[in-house]
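Shown next, in structure tokens, is the structure this report addresses.
Both ligands and their constituent atoms are indexed starting at 1 by order of listing.
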Amino acid sequence: MNYPNSSILPFIALSLLLLSSWLPCRATSHSSSLVDNFLRCLSNRSAPLLESVYTRTNPSFESVLQARIRNRRFLTYQTPKPVAIVAPKHVSHVQATVVCAKDNGLQIRIRSGGHDFEGLSYTSNITFLVLDMFNLQSIKVDVNNEVAYVQAGVTLGELYYKIAYESGVHAFPAGICTTLGVGGHFTGGGYGNMMRKYGLSVDNVLDVEVVDITGNILNRTTMGEDLFWAIRGGGGESFAVIVAWKIKLVRVPEKVTVFNVPFTLEQGATDVAFKWQQVAPKLDENLFIRLQSSVVNGSILINFIGFFLEESDKLIPLMNQTFPELNLTKTDCIETSWIESVLYWAGFPTGTSVVALLNTTHGTQYYTKIKSDYVKTVISKQDLDTVWKLLIDLANSTSASVSMNWNPYGGKMSQIPESDTPFPHRSGNLFLIQYVVYWTEEGSNVTNHNIDRVRYMHYQMSPFVSKMPREAFLNYRDNDIGSTASDRTNIGDALIYGPKYFKDNFQRLMMVKAKVDPDNFFKNEQSIPPMIK
Ligand SMILES: Cc1cc2nc3c(=O)[nH]c(=O)nc-3n(C[C@H](O)[C@H](O)[C@H](O)COP(=O)(O)OP(=O)(O)OC[C@H]3O[C@@H](n4cnc5c(N)ncnc54)[C@H](O)[C@@H]3O)c2cc1C
Ligand SMILES: *[C@@H]1O[C@H](CO)[C@@H](O)[C@H](O)[C@H]1NC(C)=O
Ligand SMILES: *[C@@H]1O[C@H](CO)[C@@H](O)[C@H](O)[C@H]1NC(C)=O
Ligand SMILES: *[C@@H]1O[C@H](CO)[C@@H](O)[C@H](O)[C@H]1NC(C)=O
Ligand SMILES: *[C@@H]1O[C@H](CO)[C@@H](O)[C@H](O)[C@H]1NC(C)=O
Ligand SMILES: *[C@@H]1O[C@H](CO)[C@@H](O)[C@H](O)[C@H]1NC(C)=O
Ligand SMILES: *[C@@H]1O[C@H](CO)[C@@H](O)[C@H](O)[C@H]1NC(C)=O
Ligand SMILES: *[C@@H]1O[C@H](CO)[C@@H](O)[C@H](O)[C@H]1NC(C)=O
Ligand SMILES: *[C@@H]1O[C@H](CO)[C@@H](O)[C@H](O)[C@H]1NC(C)=O
Ligand SMILES: *[C@@H]1O[C@H](CO)[C@@H](O)[C@H](O)[C@H]1NC(C)=O
């Protein structure tokens, strides 16, 4: 069985050697005096911090910058680079960086895992520095109280490994790809295959430690419920630097079940997909079945990839009753520990040791463009045929690999009110669509062409997806849905992307922003503008 990579991109590192011939841009005299002042300010506040600062002349600058660039679209000669990277080893370094950047008029971009689909954590069109969290690596798991403390630079793989090391019956609901950083991933929502049972990562956050615009360290009590609400799905980059999360662990059985059942069109994929839309969002909340549609040999291949929080003996009769079209049999099922199911879902080869989760290296092998949609009404069989044709056309008109992941909602996701967190896509959604296009061919023409084609598919999908607003998922960052230049705040553009990502919660986000960062220091092309009074 050909296991298509469920986490969209295989984890193969591109040798940094290939990239080392790229020359760093020269800093302008304007920015170098800015940087000098910034560095002087840092050394005044916290002398040992200078060891964690990489300016462009530092021999490690390029490798540190590239280590957490995931998308080759933002690893080109033209991509603007920071004047410096600051990699704090202590919260006081974060405080000093915020204060000194603000005092010197330097924009900061905050980076944890570097997976932002538009590269907003490490690029900007104006002079900027990267506040890179990778040195903040602490994880403390307290099994007795079923909580954990995890710093922003930790990856999901490291967190999952540590939880499983401490307990065979605990887990945390978060993303599939194990190199995601908990800093950016949680603050944008964070979903994975336990979302129908336990909700999003942010639904399981108990407390947080941030550094605010004045350089103060705040926690839930001292920041108040408004800011605590905003950073659980609204994107921390608009509000403060997240230093660490306190999270609630969830319970998992000693054995879970996973499966991956492929169907071609000849084998009746369309009928099964039609039924999937009706049952997957309503099934037992212990069961999550992703539909992955890809183009293989010029035709559609659909994989139904499952995760069940019980043993397979319970799954077979359940499926026979509710979703017999899938024809799931015992031989399709793999029973495994939760931590091994993580490896399976992330696409590691069978037999890979869990130690692989501690490998935080990820490649920058692919150029990618991602878009998202929400579906609220079942797509008819006839329209499914149209959708498959659009996907085939997309594959046929580009040099890219293309696929769609359909992720079922329902269960716990429907029980949480829309205003509980900034993430608004709760009850009423059948599934989230992720459009994935990735390629290796170089050149801006290829890039522009492939991006145009996926935009066209997204446009053609309009009849089948949410409307007014056409919703989108913040963690699937997409600058096409409205973005501003990084040196200004255009409330007009924000009024386009804001309601798509946040629906009615956008208003409250702008109010919180006006309160905690009225001068809009924490910003990027899709940040929350302060509410104008
Ligand atoms: C291969 C791949 C698989 C993915 N799979 C999933 C998935 O299964 N589920 C899911 O929900 N999403 C998924 N995503 C999307 C992912 O959740 C987002 O890209 C997320 O923002 C990544 O967080 P990061 O820390 O790795 O990225 P970064 O690029 O470091 O950060 C993303 C954003 O958060 C901000 N930010 C980062 N750290 C901080 C901080 N400490 N304080 C304040 N702001 C901060 C950044 O400035 C940026 O705007 C996937 C992405 C990729 C590339
Ligand atoms: C870590 O992962 C990268 C990317 O997949 C791989 O190239 C490298 O060999 C891995 N390192 C180890 C020690 O497994
Ligand atoms: C550093 O501290 C000294 C002494 O407190 C002060 O005079 C100077 O202005 C400071 N420099 C910067 C760049 O903050
Ligand atoms: C929050 O911070 C305050 C002030 O530093 C501290 O007194 C309090 O104990 C902290 N709360 C928690 C839950 O850590
Ligand atoms: C695609 O074609 C290759 C080579 O002909 C074949 O081995 C493979 O099984 C095909 N895959 C599907 C899903 O048809
Ligand atoms: C791809 O496009 C070519 C040229 O337009 C066409 O001949 C071919 O049939 C297409 N293939 C598919 C699978 O649609
Ligand atoms: C499903 O149930 C029917 C009737 O109870 C039975 O005949 C059939 O073998 C079952 N199929 C599977 C795959 O278990
Ligand atoms: C269901 O699976 C069984 C066993 O693999 C197979 O014999 C049968 O043809 C399948 N039925 C359908 C409808 O695919
Ligand atoms: C890229 O596109 C431009 C404008 O369409 C064209 O002039 C140029 O020849 C193209 N370059 C390549 C390498 O295809
Ligand atoms: C940044 O600059 C690039 C290259 O000039 C341009 O394509 C892009 O649109 C700019 N982005 C913003 C947000 O202004």
Side-chain angles (χ1 to χ4, degrees), residues 5-15 68-71 74 88 94 108-124 130-134 136 149 151-157 173-193 195 200-202 206-211 216-223 231 234-246 290 345-348 352-353 355-356 358-363 365-366 368 370 372 405 407 423 432 434 436 438 473-477 522-527:
N5 203 293
S6 65
S7 60
I8 76 159
L9 299 174
F11 304 176
I12 305 159
L14 176 69
S15 162
R68 270 155 297 275
I69 294 181
R70 179 72 189 201
N71 189 340
F74 309 108
V94 178
I108 65 169
R109 290 296 164 109
I110 313 163
R111 181 163 78 169
S112 290
H115 290 66
D116 191 288
F117 286 125
E118 299 284 2
L120 299 191
S121 54
Y122 53 85
T123 62
S124 173
V130 168
L131 177 55
D132 209 330
M133 308 297 281
F134 66 87
L136 294 174
Y149 166 93
Q151 286 189 323
V154 169
T155 64
L156 291 187
I176 312 294
C177 167
T178 55
T179 54
L180 300 177
V182 305
H185 176 63
F186 292 0
T187 197
Y191 86 87
N193 57 18
M195 111 176 110
L200 305 173
S201 304
V202 285
L206 299 171
D207 206 335
V208 68
E209 183 182 350
V210 305
V211 169
N216 285 330
I217 302 172
L218 302 177
N219 60 22
R220 180 175 185 168
T221 314
T222 49
M223 79 178 66
I231 57 179
E237 61 273 19
S238 294
F239 300 99
V241 182
I242 291 151
V243 177
W245 303 99
K246 184 178 169 191
R290 168 182 278 185
W345 265 75
F348 287 96
T352 302
S353 158
V355 178
L358 301 179
N359 182 357
T360 60
T361 310
H362 57 55
Q365 201 189 5
Y366 294 105
T368 66
I370 305 290
S372 63
N405 287 310
N407 295 286
F423 177 98
L432 162 68
Q434 181 192 34
V436 182
Y438 63 99
F473 176 35
L474 180 63
N475 263 352
Y476 290 167
R477 169 98 57 206
F522 289 114
K523 70 172 170 222
N524 64 30
E525 286 78 357
Q526 286 195 333
S527 55

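- Set against the non-hydrogen atoms of Phe117, the atoms of ligand 1 under 4.0 Å away are 15 (C), 50 (C), 51 (C), 52 (C), 53 (C).
- Inside a 4.0 Å radius of atom 2 (O) of ligand 4 there is at least one protein heavy atom.
- Distances from ligand 1 to the non-hydrogen atoms of Gly188 include no value under 4.0 Å.
- Ligand 1 has His185 within reach: a non-hydrogen atom of the residue lies less than 4.0 Å from it.
- Taking 4.0 Å as the cut-off, Gly190 counts as a neighbour of ligand 1 on heavy-atom distance.
- In this structure, Ala240 counts as a contact residue of ligand 1, since one of its heavy atoms falls inside 4.0 Å of the ligand.
- Proximity annotation for atom 46 (C) of ligand 1: of Asn71, Ile110, Leu474, Asp116, Ile110 comes nearest, heavy atoms only.
- Looking at heavy atoms from C-beta onward, Tyr476 lies in side-chain contact with Gln434 at the 4.5 angstrom threshold.
- With a 4.0 Å heavy-atom cut-off, ligand 1 is reached by the side chain of Arg477 but not by its N, CA, C or O.
- Considering backbone and side-chain N/O atoms, Ser121 comes within less than 3.5 Å of an N/O atom of ligand 1.
- By the 3.5 Å distance cut-off applied to N or O atoms, Leu120 is not counted among the residues near ligand 1.
- Using a 4.0 Å cut-off between heavy atoms, Ala174 makes no contact with ligand 1 at all.
- Against a heavy-atom cut-off of under 4.0 Å, Gly181 is close to the following atoms of ligand 1: 23 (O), 24 (P), 25 (O), 26 (O).
- Within a 4.0 Å radius of atom 9 (O) of ligand 4, the protein contributes no non-hydrogen atoms.
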Take Arg70 and Glu118 through the salt bridge (Lys or Arg N to Asp or Glu O under 4.0 Å) test and state the conclusion after the steps.
CA-CA 10 Å; Arg70 179 72 189 201; Glu118 299 284 2; over 6 Å; no

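- The cationic group of Arg68 lies under 6.0 Å from the six-membered ring centre of Phe134 and within 45° of the ring axis, placing it in a cation-pi geometry.
- Between Asn219 and ligand 4, at least one N/O pair is under 3.5 Å apart.
- Contact atoms of ligand 1 toward Ile176: 7 (C), 8 (O) (distance under 4.0 Å to a heavy atom of the residue).
- Here Asn524 has side-chain heavy atoms under 4.0 Å from ligand 1, and that is the only part of it that gets that close.
- In this comparison of Leu358, Asn359, Val355, the heavy atom closest to atom 6 (C) of ligand 2 sits on Asn359.
- Counting only heavy atoms of the protein, atom 4 (C) of ligand 4 lies nearest to Thr222 CG2, 3.9 Å.
- There is a protein heavy atom closer than 4.0 angstrom to atom 14 (O) of ligand 4.
- Here's the thing with Tyr191: one of its N/O atoms is less than 3.5 angstrom from an N/O atom of ligand 1.
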Check the pair Trp245 / Leu206 against side chain to side chain contact (heavy atoms under 4.5 Å, CB included), numbers first and verdict last.
CA-CA 8 Å; Trp245 303 99; Leu206 299 171; over 6 Å; no

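- Ligand 1 has an N or O atom lying under 3.5 Å from an N or O atom of His115, backbone or side chain.
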Take Asn524 and Arg477 through the side chain to side chain contact (heavy atoms under 4.5 Å, CB included) test and state the conclusion after the steps.
CA-CA 12 Å; Asn524 64 30; Arg477 169 98 57 206; 4.0 Å; yes

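- The distance criterion of under 3.5 Å between nitrogen or oxygen atoms is not met by Val182 with respect to ligand 1.
- Contacts of Phe473 with ligand 1, taken as heavy-atom pairs under 4.0 Å, involve the side chain alone.
- Near Arg111, with a cut-off below 4.0 Å to any heavy atom, the atoms of ligand 1 are 30 (O).
- Considering both main-chain and side-chain atoms, Glu237 comes within under 3.5 Å of ligand 1 through a nitrogen or oxygen pair.
- Under 4.0 Å from ligand 1, the heavy atoms of Ala152 that appear belong solely to its side chain.
- Between Phe423 and Tyr191, the ring center distance fails the sub-6.0 Å criterion.
- Here the side chains of Arg111 and Tyr122 are in contact, with some heavy-atom distance below 4.5 Å.
- With a 4.0 Å cut-off on non-hydrogen atoms, Asp207 touches ligand 4 through its side chain and not its backbone.
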